Structure formats: C-alpha cells, structure tokens
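Let me begin by presenting the structure, written as structure tokens, before commenting on it.
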2 protein chains.
Amino acid sequence: MSLSSAGPSPQEGSSTCPGTPEGTTPAAGGPPTCAGVAPELVRSVLERIGDKWSVIVICRLGPEPRRFNELRRLVDGITQRMLTATLRGLERDGLVTRSVFPTVPLRVEYALTDSGRTLLDVVQALVGWAGANAETVHVARTEFDRRAREQPQPVGAG
Amino acid sequence: MSLSSAGPSPQEGSSTCPGTPEGTTPAAGGPPTCAGVAPELVRSVLERIGDKWSVIVICRLGPEPRRFNELRRLVDGITQRMLTATLRGLERDGLVTRSVFPTVPLRVEYALTDSGRTLLDVVQALVGWAGANAETVHVARTEFDRRAREQPQPVGAG
DNA sequence: CTGCATCCACAGGGATACTG
DNA sequence: CAGTATCCCTGTGGATGCAG
C-alpha cells in the first residue's frame with residue numbers, strides 16, 4: 001500500500017494558535033511556525049486535504065451519511081481504489097466513521113465525525129475562496145502565461 | 001519544468017457560492033459540486049495550496065516582503081528549486097508579486113498581493129484548525145493504527 | 001456490494017552542477 | 001544573491017483481477 005504519511009510522526013506540539021505572528025522571525029534559532037503552529041503539523045493537514053480527493057469526499061459527507069458506491073457516484077471521477085484509500089485515511093484521522101451493516105449484499109456507511117464537521121467548515125471556506133477568486137486567478141494565470149512568452153527573449157526583440 | 005497544472009484549464013464557472021447543497025444529489029445528470037463550486041475548481045486550489053510548500057511560503061510572506069534566500073531560511077527544509085517553483089506558481093496565480101532590484105549583488109523581493117492576502121486568511125484558518133485538532137487527530141490516528149494490528153486476524157483470536 | 005492486491009505510468013520533488 | 005537545467009527516486013493514483 002502506498003498511502004500518505006504511513007509512518008509514525010509524533011510531532012504534536014502545543015496545539016496552541018494565538019494567531020498574532022507579527023514579524024517575530026522565529027526561524028532564527030526557534031521552531032519555524034506559520035501562525036503559531038509548526039509547519040510539520042501544517043504539512044500533515046495539507047497532505048490530508050490536498051490529496052486530490054479528501055476535500056471532495058468530506059464535502060459529500062457533509063449533509064448526511066453515504067454508502068460506498070453512493071459516494072463513488074457523487075465524487076464522479078474517483079476510482080474504487082482511491083475512494084477506499086481516501087476514506088481509510090479520513091477514518092484513521094478520526095474525521096469520518098465507518099459503519100458496517102452485515103446485510104446480505106453488505107452495506108457500509110460513512111459519515112463525518114465531530115472533528116470532520118469542523119474541518120468541513122474550514123474546507124468550505126477554502127472552497128468559497130476558490131469560487132470567489134476563480135476568475136481572478138484564471139486571468140492572472142493567463143496574463144502571466146502570455147507574458148512568459150514575450151519576456152524570455154529580451155535580446156533581439158527589437 | 002515539472003510544475004503542476006501547466007496546461008490551460010478554463011473551467012471558471014459562475015464563481016457563486018450559495019453554500020446550501022442540502023441533499024440534492026446533483027451528481028445524477030448535473031455537474032458535481034462541493035458547496036456550489038465545481039470540483040475541478042476546488043482541485044485547482046487544492047493543487048496550489050496542497051503542494052507541500054505553497055502554504056508555508058504564503059504564511060511567511062504574510063507580514064512583510066521577503067527576499068529569496070530570506071524565505072529560503074524561513075521555510076527551513078525547502079530546496080532552492082522548490083522555492084523558485086513555488087514562488088513562480090504563486091506569482092502565476094497572482095498571489096504574490098516579484099520585485100527585482102538591479103543592485104550589485106542583485107536583490108529580489110516577494111510579497112503577497114491582495115488576492116494572496118485573502119488566501120492567507122483562509123489558509124490561516126486551516127492552520128488554526130490543524131493546531132486545534134492536532135492532538136485529537138494524533139490520538140485517533142494512533143488508536144486506529146493500533147487497532148489495525150488486532151482486527152486483521154479475528155480468526156484464531158479466541 | 002465492498003474492499004484488497006498487484007501492476008504500471010506519470011508527475012512532484014530532492015540533489016547537484018552551471019549561469020548571470 | 002538569484003535562477004535554471006539535468007538526473008533520478010519516490011509517491012500518487014489509474015486499471016484490473018480476485019475475495020469476502
């Protein structure tokens with residue numbers, strides 16, 4: 001299996017988030033932080049929500065519990081392998097619960113936990129940002145991309 | 001160069017974010033959305049903030065403009081190649097500006113743009129969540145990991 | 001229906017050497 | 001100091017086949 005962060009990385013820190021990192025340059029001798037949290041921890045979250053499917057799955061689990069193939073249809077382009085892996089990772093982090101119903105065709109339902117719901121809130125903020133800045137980013141990207149084809153050769157441009 | 005999303009993907013959508021996707025199962029014939037936004041777009045953002053370095057760099061650029069090697073020291077484990085690539089990607093998306101000072105040793109400063117600052121805000125919420133749930137996630141992860149070594153062989157366990 | 005194991009292709013990302 | 005190009009390893013994730 002080749003999931004992300006499979007090894008033990010016990011770097012919990014103080015779990016405090018003051019939120020006032022005003023130019024304190026803590027990197028010079030102290031532990032490099034983002035907003036009072038170690039980047040290792042940030043990395044951990046990013047790896048979880050940035051693995052291409054976790055966020056979408058979390059959003060789909062928002063309203064109500066979902067069955068495996070139900071999620072599979074909802075997520076659209078996801079493969080069985082990835083859905084399983086994503087769900088397992090989310091379950092491992094205590095973000096979703098896995099309920100097995102020993103019926104004949106076998107039924108498994110997934111639902112967000114309390115922690116998962118709090119993450120959903122943050123994730124939706126991210127999605128909201130994406131929606132609000134989609135056009136801006138697209139324009140900037142196009143501009144940059146276009147300009148990158150004119151700047152490269154300042155010599156002989158005239 | 002092997003940056004992410006180098007190809008043109010003009011799927012901007014309506015850039016609207018109602019936030020009320022109540023069980024409407026839009027996947028059956030309609031465009032799969034997360035909170036009113038297409039997953040393609042979400043993917044785009046996630047690829048940007050989930051690429052292992054972007055978030056940390058954005059946070060470091062939060063307070064004030066930074067020079068190249070200054071950032072390099074602040075981010076800690078980043079390589080020159082990755083810092084350049086990350087900065088370029090951020091610049092491409094209009095999230096950061098690149099100012100060149102043609103001095104003798106040559107000086108380049110990077111700073112967040114307006115869009116970058118709004119993303120910083122969202123990102124910090126994410127970092128905040130990471131800090132607040134670090135311990136909880138770590139515990140859940142340990143529990144799950146430990147339980148995974150006992151469940152696999154229910155047969156012959158008694 | 002749900003899930004795991006294997007094979008395989010591609011892209012992200014690290015180390016290093018070179019240029020301006 | 002700042003940046004680019006090359007080499008190469010690894011993880012991520014897709015396709016498929018098998019099992020409970």
Side-chain angles (χ1 to χ4, degrees), chain A residues 1-7 9 43-44 46-57 65-92 96 98-110 148 151-155, chain B residues 1-7 9 39 43 46-57 65-92 96 98-110 148 151-155:
Chain A
M1 190 175 289
S2 57
L3 273 174
S4 60
S5 59
S9 46
R43 191 84 53 76
S44 188
L46 270 309
E47 279 178 16
R48 178 62 53 207
I49 67 115
D51 68 352
K52 190 180 184 183
W53 297 114
S54 291
V55 170
I56 305 180
V57 170
R66 301 286 189 182
R67 293 188 58 182
F68 188 82
N69 278 312
E70 186 179 8
L71 271 174
R72 196 174 174 180
R73 283 189 293 274
L74 256 43
V75 177
D76 182 47
I78 197 170
T79 60
Q80 179 278 325
R81 174 177 153 71
M82 282 301 101
L83 182 54
T84 300
T86 302
L87 251 12
R88 291 262 298 190
L90 258 24
E91 186 193 358
R92 195 174 114 100
V96 312
R98 179 172 175 273
S99 305
V100 182
F101 297 78
T103 55
V104 179
L106 184 53
R107 178 194 185 84
V108 181
E109 285 194 351
Y110 294 88
Q151 297 286 11
Q153 59 275 42
V155 294
Chain B
M1 190 175 291
S2 56
L3 274 176
S4 60
S5 61
S9 46
R43 191 83 55 76
L46 271 309
E47 278 177 17
R48 177 61 54 205
I49 67 117
D51 69 349
K52 191 180 184 181
W53 295 115
S54 291
V55 170
I56 305 179
V57 171
R66 301 285 188 183
R67 294 186 57 179
F68 188 83
N69 279 314
E70 185 179 9
L71 272 173
R72 196 174 175 181
R73 283 188 292 274
L74 256 41
V75 177
D76 179 47
I78 197 171
T79 59
Q80 179 278 328
R81 175 177 151 68
M82 282 300 99
L83 181 55
T84 301
T86 301
L87 251 15
R88 291 263 298 187
L90 258 24
E91 186 192 1
R92 196 174 113 100
V96 311
R98 177 172 176 277
S99 306
V100 182
F101 299 78
T103 55
V104 178
L106 185 53
R107 177 195 186 84
V108 181
E109 284 194 350
Y110 293 89
Q151 296 287 10
Q153 57 274 43
V155 294

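In this text, all values refer to a predicted model and were calculated from it rather than measured experimentally. Side-chain atoms are counted along with the backbone in the values below, which use heavy atoms only and exclude waters and symmetry mates. Chain letters run A, B, ... following the sequence lines, proteins first and then strands; every chain starts at 1.
Every residue two or more places apart in sequence or in another chain was checked for a side chain to side chain donor-acceptor pair (under 3.5 Å) with A/Arg67, and none qualifies. Applying the side chain to side chain donor-acceptor pair (under 3.5 Å) criterion to A/Thr79, with sequence neighbours excluded, gives no partner residue.
The heavy-atom pair separating B/Arg48 from B/Asp51 by the smallest distance is O-OD1, 3.1 Å. Closest approach of A/Phe68 to A/Leu83, counting heavy atoms only: O-CD2, 3.5 Å. Smallest separation of non-hydrogen atoms from B/Ile49 and B/Ser54: CA-CB, 4.2 Å.
Distances were taken from every side-chain heavy atom of A/Thr84 (C-beta onward) to each of C/dG14, C/dT2, C/dC4; the shortest belongs to C/dC4. The side chain of B/Asn69 approaches D/dC1 more closely than any other nucleotide in the set D/dG3, D/dC1, C/dG3.
Looking at heavy-atom distances under 4.0 Å, B/Arg98 makes contact with sugar-phosphate atoms alone, never a base. A/Phe101 comes within 4.0 angstrom of no nucleic acid atom, judged by non-hydrogen atoms across all strands.
A sub-4.0 Å separation between OP1 or OP2 of C/dC4 and a side-chain N or O of A/Arg88 is present. In terms of phosphate contacts, A/Arg81 brings no side-chain nitrogen or oxygen within less than 4.0 Å of OP1 or OP2 of C/dC4. Residue B/Lys52 places at least one side-chain N or O under 4.0 Å from the OP1 or OP2 atom of C/dG14. Proximity of B/Thr79 to the phosphate of C/dG14: a side-chain N or O atom is located under 4.0 Å from OP1 or OP2.
Atoms CD (B/Gln80) and P (D/dT4) sit 8 Å apart, rounded to a whole Å. The distance from atom CG of A/Leu87 to atom P of C/dG3 is 7 Å, rounded to the nearest whole Å. Atom CZ of A/Arg72 is separated from atom P of C/dC4 by 13 Å (rounded to the nearest Å). One interatomic measurement links the two molecules: CG of A/Leu90 to P of C/dG3, which rounds to 14 Å at whole-angstrom precision. Atom CE of A/Met82 and atom P of C/dT2 are 18 Å apart (whole Å). Atom CG of A/Asp76 is separated from atom P of D/dG13 by 16 Å (rounded to the nearest Å). Summarising the geometry, the separation between CD1 on A/Ile78 and C1' on D/dA15 is reported as 15 Å, rounded to the nearest angstrom. Between the CG atom of A/Leu71 and the P atom of C/dG3 there is a distance of 10 Å, rounded to whole Å.
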